[in-house]
Amino acid sequence: AQSVTQPDIHITVSEGASLELRCNYSYGATPYLFWYVQSPGQGLQLLLKYFSGDTLVQGIKGFEAEFKRSQSSFNLRKPSVHWSDAAEYFCAVDTNQAGTALIFGKGTTLSVSS
Amino acid sequence: GAVVSQHPSRVICKSGTSVKIECRSLDFQATTMFWYRQFPKKSLMLMATSNEGSKATYEQGVEKDKFLINHASLTLSTLTVTSAHPEDSSFYICSALARLTSGNTDTQYFGPGTRLTVL
């Protein structure tokens, strides 16, 4: 069955330090992958997405993610975290490649310490 | 582009009453919208897929008579929680499917969510 796993429930990073949030997926075909961010009490904002092509995807707010088929991973990275990056991050896979069947991971809460 | 709004952002109602939540695509037309429910510290659970001009498709376990969905126009979908009970208290998020001019596939864009509290 298709699934998305975010192994880290909660991560704390110092401001200015680098960040990597992990995401592993289980899907038989070529996946369409997404990262969304949710600030407290807010909806989800699309950070970046991967459909095909270059496996390193650039997103908004200085985020990037790398698709590694051999590891079934789509980890999110940022070289220098800002306090405003504190939020909930969700990885998702589109299981029908039409945008209509998203499966979300359980999310990773990012805290930023000063 | 691809801005989705929800109204209200927060609502408190008494048990047994009905509540309507609106989801609008502001700068694009959306033939397909989605309604999700999110519990505290939990991921999003898809409730139903709303298609303009036709009946919504509900996920398994979601009561269609309790969660009424209407998608009467290309920019508006509504979710009505009928005879609400405290267990219906949750964060409801909608999304709309869009294909931007810069993209080559459809992507869901999410609204800001509605916090429902049933007393």
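Note that these values count all heavy atoms, side chains included, but never hydrogens, waters or copies made by symmetry. Every chain is numbered from 1 and lettered A, B, ... according to where its sequence line falls, protein lines coming before strand lines.
- Of the atoms belonging to L44(A), heavy atoms from both backbone and side chain fall under 4.5 Å from chain B.
- For K66(B), the NZ atom counts as densely surrounded, since its 6.0 Å shell holds more than 12 non-hydrogen atoms of other residues, nucleotides or ligands.
- Note on L97(B): it does not cluster hydrophobically with L79(B), by side-chain heavy-atom contacts below 4.5 Å among ILVMFWY residues.
- Under the 4.5 Å side-chain heavy-atom criterion for ILVMFWY residues, a single connected hydrophobic cluster contains both L21(A) and L48(A).
- For Q45(A), no part lies under 4.5 angstrom from a heavy atom of chain B.
- Interface remark: S39(A) contributes no atoms to any contact with chain B (heavy atom separation under 4.5 Å).
- I9(A) and M45(B) fall into different hydrophobic clusters, where Ile, Leu, Val, Met, Phe, Trp and Tyr are joined by side-chain heavy atoms under 4.5 Å apart, directly or via other members.
- Counting heavy-atom pairs under 4.5 Å between each of T100(A), L46(A), D94(A) and chain B puts T100(A) at the top.
- Across every non-hydrogen atom of Q42(A) and F91(B), the tightest pair is O-CE2, 3.5 Å.
- Connection of I69(B) to M33(B) is not established within any shared hydrophobic cluster, with ILVMFWY side chains joined at heavy-atom distances below 4.5 Å, either directly or through further cluster members.
- K106(A) approaches S43(B) most closely through the heavy-atom pair CA-CB, 3.8 Å.
- One hydrophobic cluster, built from ILVMFWY side chains closer than 4.5 Å, cannot hold both V57(A) and F51(A); they sit in different ones.
- In terms of heavy atoms, F90(A) sits closest to Q38(B) at CZ-NE2, 3.5 Å.
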Where do T107(B) and F34(A) land on the side chain to side chain contact (heavy atoms under 4.5 Å, CB included) test, with the steps shown first? CA-CA 9 Å; T107(B) 301; F34(A) 304 81; 3.8 Å; yes
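- Other residues, nucleotides and ligands contribute over 12 non-hydrogen atoms within 6.0 Å of the NE2 atom of H10(A).
- Using a 4.5 Å cut-off between heavy atoms, F104(A) contacts chain B through both its backbone and its side chain.
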Report the C-alpha separation of Y36(B) and L102(A) in whole Å, then their side-chain angles, then the decisive distance to 0.1 Å, and conclude whether the side chain to side chain contact (heavy atoms under 4.5 Å, CB included) test is met. CA-CA 11 Å; Y36(B) 293 83; L102(A) 288 184; 4.1 Å; yes
